[in-house]
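Input: a single structure, listed below in structure tokens.
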Amino acid sequence: MIYPDGKRYLSLDSVLKREFGKKTVKVPLNAGLGCPNRDGSKGIGGCIFCSGRCSGEFAGNPCESLYSQFEAVKALYLKKWGETNYIAYLQAGSNTYSDPEALSEIYESCLKLPAVGLSIATRADCITPQIADLLYGISKRTYLTVELGLQSSSDITAGIINRGHTFGEFLTGYGLLFERGIRVCVHIINGLPGETRRDMLKTAGDVARLNPYEIKIHLLHIIKGTAAERMYLDGRLAPMDKNEYTATVCDQLELLPPSTAIGRLTGDGDRKTLIAPMWSTDKKTVLNSISKELSARESFQGKYYSK
């Protein structure tokens with residue numbers, strides 16, 4: 001199966017072009033919200049791969065207004081892509097981790113930005129019925145996507161990476177959004193400590209059964225100053241090589257629903273803080289490798305998907 005843009009998977013880029021009529025990009029923002037896995041509510045230190053910026057390396061300065069952050073990134077994007085549509089992306093931290101009144105103020109500020117949509121990154125254990133109702137109201141006013149970090153469906157792996165919640169808790173939060181018709185994007189990470197390809201495929205299969213609107217597949221980056229770096233230096237964590245990662249991603253794509261948008265097939269590591277694997281900095285080559293592998297297999301997203 002070949003999708004309209006010539007790819008063998010349903011890229012989010014093509015979905016957004018169909019939705020809005022032209023290229024649409026996310027503008028990363030930082031609202032200064034924290035994480036229950038860093039402040040002691042669920043844990044201390046966050047997930048082993050999470051940096052001091054709460055995985056918001058490319059988001060703005062939380063001391064600046066969301067408008068100022070948006071305009072600064074927009075200026076950079078204009079040079080790169082010219083005139084496009086924009087989606088405000090609350091990327092750093094857990095952006096449903098506050099009381100509904102405070103969250104409503106943040107979301108209202110985002111709705112005032114010159115953007116066609118809003119994407120909110122958070123944790124599934126930070127979704128309550130009250131917050132889900134708030135998000136439902138926002139979804140009626142703009143193109144809303146809520147991004148949930150699962151990383152792995154294995155509770156054993158969740159303990160190793162210090163995620164702070166179980167797969168069952170993830171399903172509860174996901175269900176609160178799904179039953180309200182809110183678009184959900186699920187993040188998974190390949191190369192987590194102790195995981196085999198079989199474990200990574202099980203995560204993809206578990207996500208496939210949820211039939212999410214979007215999925216992001218990341219590679220585990222070893223970032224300076226994180227617990228993952230200490231594990232790497234101690235010899236307790238070995239990053240995936242490019243060929244292994246390529247094959248695993250293709251296996252996962254074959255399991256996913258053909259209607260699930262693929263928001264990412266590899267991550268963007270900050271070159272200033274990335275320790276390993278350095279091959280991941282050549283994003284274009286990684287994406288080309290995945291496309292070539294799918295072509296060589298005569299395969300495509302959803303080839304082995306079954307409801």
(message) With a 4.5 Å cut-off on side-chain heavy-atom distances among I, L, V, M, F, W and Y, is there a chain of contacts connecting Tyr174 to Ile217?
(response) yes
- Query: Which class fits the ring pair Tyr245 and Trp279: parallel under 30°, tilted 30 to 60°, perpendicular over 60°?
  - Reply: tilted
Ala88 and Ala115 have their tightest heavy-atom pair at N-CB, 3.8 Å
Review point. Would you call Glu108 and Lys112 a salt bridge, using N to O less than 4.0 angstrom?
Key: no
Q. Got a sec: does the CD of Gln130 have more than 12 other heavy atoms crowding it under 6.0 Å?
A. no
Quick check: do Arg8 and Ile2 have side-chain heavy atoms less than 4.5 Å from each other? yes
**Prompt:** Quick one: does Asp155's side chain have a donor or acceptor within less than 3.5 Å of a partner on Phe167's backbone?
**Reply:** yes
message: Determine whether a donor-acceptor pair (N or O, by modelled atom type, separation under 3.5 Å) exists between the side chain of Ser280 and the backbone of Ala276.
response: no
> Is the cationic atom of Arg123 (NZ for Lys, CZ for Arg) positioned less than 6.0 Å from the six-membered ring centroid of Tyr97 and within 45 degrees of its normal?
Replying inline: no
Heavy atoms of Tyr3 and Gln301 approach each other most closely as OH-O, 3.8 Å
Q) Are more than 12 heavy atoms from other residues, nucleotides or ligands located less than 6.0 Å from atom CG of Leu233? A) yes
How are the rings of His187 and His218 set to each other: parallel, tilted or perpendicular (split at 30° and 60°)? parallel
Can we say Arg163 and Asp125 salt-bridge, meaning some charged N sits less than 4.0 Å from an Asp/Glu carboxylate O? no
Does the Ser291 side chain pair with the main chain of Leu287, one donor and one acceptor, at a distance under 3.5 Å?
-> yes
Within a 6.0 Å radius of atom CZ on Phe20, are there more than 12 heavy atoms belonging to other residues, nucleotides or ligands?
yes
Between Tyr77 and Tyr86, how do the two ring planes meet: parallel, tilted or perpendicular, split at 30° and 60°? parallel
| query | Is the number of heavy atoms from other residues, nucleotides or ligands under 6.0 Å of Lys22 NZ greater than 12? | reply | yes
* Hey, does Glu147 have a side-chain heavy atom less than 4.5 Å from the side chain of Ser119? -> yes
